[in-house]
Protein chains: 2
Amino acid sequence: MMNLSYIHRMPRFTHPRLEDVPLDLALHALADSNRLAIVARLAAAAGLSCSNAAPCDAPVPKSTLSNHLKTLRAAGLIETTQSGREMINVLRRDEFDRRFPGLLDAILANNAV
Amino acid sequence: MMNLSYIHRMPRFTHPRLEDVPLDLALHALADSNRLAIVARLAAAAGLSCSNAAPCDAPVPKSTLSNHLKTLRAAGLIETTQSGREMINVLRRDEFDRRFPGLLDAILANNAV
DNA sequence: TTCATAGTTCGGGAATATTGAACTATTGAA
DNA sequence: TTCAATAGTTCAATATTCCCGAACTATGAA
């Protein structure tokens, strides 16, 4: 019998190449106040678990939060890796900036409270 | 009997004050390839009727086009005025730039084919 | 008038988003 | 080892939004 237990250690998430991300998909991911808040928090931190990346105001259900992070992942904005039982999210800042120069800067600058 | 015919000459569209437009609404309006194409055309023209503002590739049904323009209007991106039987659309560039400095520039610069 | 043009609005089906509930995986403690 | 707690995903049902054909309104021209 083959030992298949290793598959549980396979990477859980797929991350797109930035060159495959169209502008409208990136903008769509950022066109939501909760996701904007998440990106803003990640921009100011080295890496955050899902619950730590969540916007502090407006409590978001965890399934909703998970979906928001999936949307950001699909747009090439964040990379998620497992660490213990937490999923650590990191902003793919350099790659995103190379793909869309100046875009994230402009958006974050305009996201001030 | 009151003469009510004048109401047909009332302004047809309402345009938001830019300070009332939240960032996520503006991004949402721009997070669509057809609407991006419309904005790009308006950025390069003084004023365009709805059908002239339509993206040249991908033919868009006129009701869909009308809704796209309504979305852009609600986000403070365009101003629409009637001229004869055409509706002339103008990009509210200065106002939008004052509200969201650098945002439209960054988006249009990244919208190049 | 009447016709054609330029668009808006309405309504229903298609596509997306939200979220409670069930589930998986990991850690720590008994 | 087991058991419970934690951190998150996935599923499925509901809610919302979007798309677009059809009907409608307004204007200009014949």
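Chain A is the first sequence line, chain B the second, and so forth, proteins listed ahead of strands; every chain is numbered from 1.
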Flag side-chain contact, heavy atom, 4.5 Å: B:S51 against B:M87: no

Side-chain donor-acceptor contact under 3.5 Å, A:N52 with A:S49: yes

A:C50 side-chain proximity, nearest of C:dT18, D:dT9, C:dT8: D:dT9

Selected nucleotide, minimal atom distance to A:R85 side chain, candidates C:dT26, D:dG28, D:dT9: C:dT26

d(CG, A:L65; C1', C:dT18) in whole Å: 13 Å

C:dG7 OP1/OP2 closer than 4.0 Å to side-chain N/O of B:H68: no

Value in whole Å for how far the P atom of C:dT16 lies from CG of B:D32: 12 Å

Identified pairing partner of C:dA30, criterion: Watson-Crick or G-U wobble below 3.5 Å: D:dT1

Side chain of B:Q82 (C-beta onward), nearest among D:dC19, D:dT27, C:dG7: D:dT27

Side-chain (B:R35) to main-chain (B:T71) donor-acceptor, under 3.5 angstrom: no

Spacing between B:L69 atom CG and D:dC18 atom P, to the nearest angstrom: 15 Å

Atom-pair distance (CZ on A:F13; C1' on C:dT24), nearest Å: 12 Å

side-chain N/O B:S63 vs C:dC10 OP1/OP2, d < 4.0 Å: no

Sugar-phosphate only, base, or nothing, as touched by B:S66 at under 4.0 Å among non-hydrogen atoms: base

Short side-chain N/O contact to D:dC20 OP1/OP2 from B:T64, under 4.0 Å: yes

Candidates C:dG7, D:dT10, D:dA7 - which lies nearest the side chain of A:K70: D:dT10

Euclidean distance, atom CD1 of residue B:I88 to atom C1' of D:dT27 [Å, nearest integer]: 13 Å

Minimum side-chain heavy-atom gap B:L48-B:L42 below 4.5 Å: yes

Sugar-phosphate, base or nothing in reach of B:R73, heavy atoms under 4.0 Å: sugar-phosphate

Polar side-chain atom of A:N110 near backbone of A:A106 as donor-acceptor pair, under 3.5 Å: yes

Separation of atom CG in A:N67 from atom C1' in D:dG8, rounded to whole Å: 12 Å

Separation of C:dA4 P from B:K62 NZ (nearest whole Å): 14 Å

Gap between atoms CE and C1', on A:M87 and D:dT9 respectively (whole Å): 8 Å

